[in-house]
Amino acid sequence: MLKLKGVTMNFGGIIALNNVEIDVDEGKIIGLIGPNGAGKTTVFNVILGLYTPNRGYIRFENSDITNKKTYQIAVMGISRTFQNIRLFRELTVLDNVRIAFHKNVKYSLLDAILRNKKFIKEEEEYLKKAEELLKIFGLYEKRNELAKNLPYGEQRKLEIVRALATSPKLLLLDEPAAGMNPQETQELKNLIKFIKEKFNLTILLIEHDMSVVMDICERIYVLDYGEVIAEGTPVEIKRNPRVIKAYLGEGDFGFAS
Amino acid sequence: MRKRILILAVILIIYAIFTLGMKVGIIDDYIKLNILLILLNIILATSLNLISGITGQFSLGHAGFMAIGAYTVAVLITLPKPLPFYLSLLIGGVFAAFAGLIIGLPVLRLRGDYLAIATLGFAEIIRVVIQNIDYLGGASGISDIPQGIDWTGYYVIAILTIIILSNIINSSYGRAMVAVREDEIAAETIGINTTLFKVLAFVIGAFFAGIGGGMYAGYFGFIQPDIFNFFKSIDILVMVVLGGLGSLSGSIIAAIVLTIVSTLLQNVPAVRMVLYSIILIIIMLFRPQGLLGKREIRLSDILSFQRRGV
Amino acid sequence: MDVFYGAIQALFSVSLEVDEGEIVTLIGANGAGKSTLLKTISGLLKPRTGSIYFENEDLTKKSPIEIVKSGISHVPEGRRVFPEMTVIENLELGAYVRKDRSEVEKDLKIVFERFPRLYERRNQLAGTLSGGEQQMLAIGRALMSRPRLLLLDEPSMGLAPILVSEIFEIIKEINARGTTILLIEQNANMALSVANRAYVIETGRIVLSGTSQEVASNPDVKKAYLGG
Amino acid sequence: LLSYSKSSSTIKLGVNLELSGAVAQYGQRALEGIKMATDEINKKGGILGKKIELVIFDNKSDKTEALNIATRLATKENVLAILGCTTSGATKSAAVAAMKYKIPIISPTATDDKLTLDERTGKTKAYVFRVCFNDSFQGDVMAKFALKTLKVKSVAIIYDASSDYSKGLEKNFKVAFTKGGGKIVAEEAFAKSEQEFSGILTKIKAKNPEAIFAPVYYDEAGLIIKQARELGIKVPIMGGDGFDDPKVAEKAGSKYANNVYFSTHYSGQDPDKKVQDFIKKYKQLYKNEPNAFVATSYDLVYLVADAIKRANSTTDREKLRKALEDTKNFAGVTGVITINKYHNAQKAAVIIELKNGVQVFKQKINP
Amino acid sequence: MSTFVQQLINGITLGSVYALIALGYTMVYGILKFINFAHGDVFMLGAYIGFLAAVYLKLNLVGCLIAAMVFCALCGIIVEKIAYKPLRNSPKISILITAIGVSLFLENFMQLIMGADSRVFPRLIEEKNYHFLHGNIVVNNKQVYLLIITIILMIVLNYIVKNTKIGKAMRAVSQDMDAAKLMGIDIDKTISYTFAIGSSLAGAAGVLVGLYYNTINPLMGVLPGIKAFIAAVFGGIGVIPGALLGGFSLGIIETFVSGYGSSMYKDAVAFAILVLILLFKPAGLLGKSLKEKV
Ligand SMILES: Nc1ncnc2c1ncn2[C@@H]1O[C@H](COP(=O)(O)OP(=O)(O)OP(=O)(O)O)[C@@H](O)[C@H]1O
Ligand SMILES: Nc1ncnc2c1ncn2[C@@H]1O[C@H](COP(=O)(O)OP(=O)(O)OP(=O)(O)O)[C@@H](O)[C@H]1O
Ligand SMILES: [Mg+2]
Ligand SMILES: [Mg+2]
């Protein structure tokens, strides 16, 4: 479904990605791990066209998206969350979600100005959908709060909701469990599995919390200094000495016991 | 549906009251002139609000679009075979919108203060060009433009502007503009073509500014490039910010308040501008987010509130 | 202490104590008020009622500057590095209140030894660092003021597992050198394993406190925060 | 409803001036002249037994506001006539109200030819007057002066493209000068508040004109003279009544303020008692030298007073309008004024020369 | 050729004027990220203080400069405390409006107490003209002073912001106020310093420009204020050497457009060129258009 081939990205001397090859098959949850600064977030950024890679190409569902604009890629069905949360901070929780339906809107500007039936019907539909999504994530009660006033963990959830509202085929999650305690993390894991099934998603996931990665990912890619150093099932990765040395360390902390 | 009828009724009642007032003479010509100024300022402020408040694009060029509308109308209705006023007005708006498109496409790649400079620059270019076209009267302007519009026209257009803008804002298109304001990168990643929406806001805003300019020419009878200078843009911006960036009702209230304040200050000619500046500062200090912040006071809310109250 | 954001109350008569040389951890769910508590101690927020004492000195009315000068340093949530300054400049700012320049130089070296990654990136603008790199920088910057009390708000967030254990090692080491530590962690397991004592906070109220072992063995805590 | 209230014991004259904003310096000076004349008249018992009451408003140098205030003066304040504004733009805007409410508006200094004429019909606007000469007259005067007295054949022009005054003079000078066989070798424009002219002066210098014509106001005039001389341009520099302010010489410096000629309304050296009294009194009152704005505004009040007297009514705007139209040979400080059929003041111009910074009477040119 | 050189000299002189004002502009912007619209009016204030000091206190140039700088620094601090500080946590555009308010206040207050009419600035230094190439190229000593002082001030300012402790504090405050507080930086003091320095620069510029053109009036700050703002943005707003570069570019472009093109369209063409360049360098000449890290 998504294929990165020979992707290289450098920032004035710093090689953030070097010849990265990643394959994401439809319907899978794929993990992307690696030490800090390995280039994981950069992978997301090049997929979504926020940065254009210096070399290599990216294909999504048989079309080349390497040089496409971010919004075009989003319209094609890739959506993401951000490591440093980027909500529409001054808007309410509900509006954050409603905005995300835009790419599916069928009524025209003129319909909107005239407030005709078509407009009203569609708007009602989006409102209903938004509320449903918020309920799934337990944010419905807070729908009228400003996004910036939510605690960290809920902001992360809201970002996922917003990404889902664009009805993506591929969802990229950048450290969704950061800032959550083990119990919340557990809930999040279940939630991710649930939405994957419900919305028929493929998911690419960056996470440092190994309990999440090992539990829900079917395959894992490991990046170090911008290069893929390992690839495989969670069990394989857990045992890979290079990964242990560069990333996991000797301790068994972080794994669900 | 009932809500809509109610709103329509209120709009008509207000119109009737004012019209009657003018007929009877309770509203004399001087007050009427200032009411028209208020309506004009409402059109200018709400349309700039779409650009700067809703979409978050810092524009210092609104007066430039006004000039295009004003001059288009002035020329078209004084041709040997004059065009009807309202057709000219529409053409003026379209020309301004077109200018908005031409300018917006390249310029809106810039951000924040860089954009401000570029829009300021273009408005100045428009003004200087007009100033140097003798056919348009050059620096001395065009006078004795036949009057083509009066209170009714002003009122209807102002109401239409408010309705159209508010309907845009309260739709997915408006929300996309807000998304552009809040976070462009996030907006792009949910599939919003930020450039398109910036340009769209700019074009729509320019259209109404052009209409406003045309209305000015059609009632005030005299235009000069100098009327549409940088300070006019600033005046409009002040109204937008004072009312609350992103709040249409705020812009409306600010247009009313500032016009009235300015008129009242006529009574103290020696210090009017000194007082005006102090008032400006004080309002901002007490309401840093603008009079209404981002909130909206909706006519329907007021109505339903009153009904409950009864 | 009672602390408000405008009209919203975030902390309800919270009392908490940290003794010299201790590591104390504060655990609680999202939005419980942990960060709020730290912000109040470092003076970014002012409590409406209640008071804060540090070494018998009343901090309640003091400005953040005076609080930093008295020896408290805060690693805020979300890192808050200065994005348009280089790594070195960020670290130097950490020592802003210090006058002993040669000692500052030494501390700079120590930080770089602890975080070699930062040394590699020393002239890069902090805003372009990866999340984890920024986290290291934020901790390093706080250490530069040679605090006697260090407030850490989720220092392990976004760090690779190998670094998480390292961070906790570093916390222990800093503590061993005489710095008292108040630690907020989502990773309650780790936090409790390094801390002497712990507090549990729920919706703005302290609901439980005790030694780490006591807290860790509390069944409610186990269920809610330790993932089992 | 609109007629002037009969019971009033004073004659209310509206004043619509630029007291703040971009051209406040003109409006403030004009107000000095208006107040001075009014006080004098009132001290002597007023007109037709009634004192003049000035109803003063500040139009902020804003055209829309000029109309707003004219409307207010005409309807709410019920004044007999409106005095103002100083600039043509504001006056034209205010004139819209004057025509609508049939109230005379008389400008002390607005010079745009089109001011008093209807742009659509070309007819004289019934209620719009001025007491200064218009652009084409001054342009003519200076062109003739250049050709006949200075005997120059090539002239460079520097003007303010954003000012209708400056553009008007420029245009009319050009027409008259080329008609008389002269050649314009350069035409350089700048916009309001410019201070740096060396760029265009350098360009002009390269074209070697025999004289420079700079129809600008005194702030720019002083700077242009100075910067031109500093660049080594020695040819005569000419201007209009905008040069008539002692600051021109001060700014240019007496060393440079030579070989400068400008047309204006009167000469301070004119031995006429009226002129000398005016200058003396003004100096006493304001500790300053009068300029063209002060002088024409001073005359404005006397001219209106004279018309009121002839109209023999302190209330009737229509009678006043007629009386204004009939003004003939009114002797003011700025010359003997006749209002012609275009409602312009017809009067002689004088040409002043600056010699070492001192204004010297050069010649008088009759219309 | 000599015309070209003369035009270049003219352009550099005009550029120095813009740059001198732009320095303070950019400095305040760099720290507080808001356009201090009143900067041009503080410049005007400086000119008037210089004028009063020269006429009534009979001070010499240095005395006038110091008087204007001190007075403007105080003014800047007071204005900041009254009109900007209460809005520190509000949108930047709100502060822009109070800045416009302050600007209007200063202009109109001066028109009220000093009169709207212009004043002639006393000649504080002996004027000298230097002629080259048989008098075809003229430079005067005031132009030279203006240029040298502008460059020196730029270097000093750049040093302060880049290398001193207070400079670092300023930058820290500009990037994250709360985090700066946690470093023990006194926000109020830092901002006061910023305004003091920026405003005293404007004051100095007022005196120098007043001296150079020997004309001052209450609105003299408006146009140079806008031009300096443009220069600052053009050079990369917040970047101190950018202010200098932007000022010179603007001055030279304007001079050459009117010297070789049509002076009628000077401002329009100059603007068009600036906008065009901005389209290719969206963060100004020296501004780094950093790719935002997401
Ligand atoms: N815009 C940029 N400019 C310069 N360097 C950058 C930029 N973006 C990323 N980098 C560098 O590229 C490297 C990879 O960064 P990236 O954010 O992808 O890391 P990451 O794997 O997501 O790390 P973490 O787990 O800590 O978030 C880092 O060293 C970072 O400093
Ligand atoms: N600026 C603010 N304005 C209003 N309410 C706020 C603000 N900041 C925080 N809150 C509220 O205060 C409460 C406590 O927030 P705090 O950030 O202290 O939680 P926390 O325990 O640190 O949570 P997390 O683990 O998610 O970081 C939350 O309910 C939050 O919504
Ligand atoms: Mg990352
Ligand atoms: Mg927190």
Side-chain angles (χ1 to χ4, degrees), chain C residues 6 35 38-39 41-45 62-86 88-99 101 104 124-131 133-134 137-138 141-142 144-147 150-153, chain E residues 26-34 85-86 88-90 92 158-194 236-242 283-284 286-294:
Chain C
S35 303
L38 289 203
K39 283 192 223 165
I41 297 174
S42 61
L44 292 179
L45 295 171
K62 294 223 159 129
S63 68
I65 301 127
E66 291 165 310
I67 293 172
V68 175
K69 282 190 177 150
S70 69
I72 297 181
S73 191
H74 181 178
V75 179
E77 184 176 38
R79 307 166 195 128
R80 308 294 280 271
V81 294
F82 299 111
E84 285 164 45
M85 292 186 165
T86 63
I88 289 199
E89 283 176 327
N90 264 279
L91 291 174
E92 282 170 354
L93 275 170
Y96 185 78
V97 293
R98 287 173 59 181
K99 303 247 172 342
R101 292 194 72 163
V104 171
Q124 191 173 329
L125 294 187
T128 64
L129 293 177
S130 83
E133 289 162 351
Q134 289 184 7
L137 180 58
R141 187 178 65 180
M144 289 297 292
S145 71
R146 282 205 182 165
L150 184 62
L151 311 175
L152 293 167
D153 198 341
Chain E
T26 233
M27 145 127 202
V28 170
Y29 183 94
I31 310 305
L32 295 167
K33 296 279 179 294
F34 94 95
K85 188 177 166 197
R88 222 173 258 167
N89 298 317
S90 314
K92 294 293 175 241
N158 202 36
Y159 180 82
I160 292 177
V161 172
K162 277 264 142 65
N163 298 317
T164 63
K165 202 167 168 182
I166 184 76
K168 281 196 188 118
M170 286 172 179
R171 280 153 64 211
V173 167
S174 87
Q175 292 168 32
D176 191 330
M177 263 188 209
D178 272 347
K181 275 189 209 162
L182 292 179
M183 300 298 107
I185 294 170
D186 187 333
I187 308 281
D188 291 337
K189 212 168 85 187
T190 309
I191 291 178
S192 287
Y193 270 124
T194 309
I237 193 152
V239 186
I240 288 165
L286 296 187
K288 277 175 247 134
S289 57
L290 285 176
K291 265 194 194 154
E292 197 177 350
K293 168 89 167 77
V294 285

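Since the structure is predicted, the reported quantities are computational estimates derived from the model, not experimental observations. Chain letters run A, B, ... following the sequence lines, proteins first, then strands; residues in each count from 1.
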Who wins among C:Met144, C:Met85, C:Arg141 for the most heavy-atom pairs under 4.5 Å with chain E?
C:Met85
Residue part contacting chain E, namely of C:Leu44, when any heavy atom lies under 4.5 Å
side chain
How many angstroms lie between OH in C:Tyr96 and CG in E:Leu182, if you round to the nearest 0.5 Å?
14.0 Å
Looking at every heavy atom in both E:Asp178 and C:Arg80, which two are closest together, and how far apart are they?
CB-NH2, 3.5 Å
Over 12 foreign heavy atoms within 6.0 Å of NZ, C:Lys69
no
Distance, nearest 0.5 Å, that separates CD of C:Glu89 from NZ of E:Lys162:
8.5 Å
Give, for atom CG of E:Asp176 and atom CG of C:Asn90, the distance between the pair rounded to the nearest 0.5 Å.
10.0 Å
Quick check: are there more than 12 heavy atoms from other residues, nucleotides or ligands sitting under 6.0 Å from NZ of E:Lys92?
yes
Greater than 12 external heavy atoms within 6.0 Å of E:Phe34's CZ:
yes
So how far is it from C:Ser63 OG to E:Lys181 NZ, rounded to the nearest 0.5 Å?
9.5 Å
With a 4.5 angstrom heavy-atom cut-off, is it the side chain or the backbone of C:Glu66 that approaches chain E, or both, or neither?
neither
Would you mind telling me which of E:Lys165, E:Met183, E:Lys168 has the largest number of heavy-atom pairs within less than 4.5 Å of chain C?
E:Met183
Among E:Ile187, E:Asp188, E:Asp186, which one satisfies side chain to side chain contact (heavy atoms under 4.5 Å, CB included) with C:Ile65?
E:Asp186
Please rank E:Ser174, E:Ala172, E:Ala180 by heavy-atom pairs under 4.5 Å with chain C and give me the top one.
E:Ala172
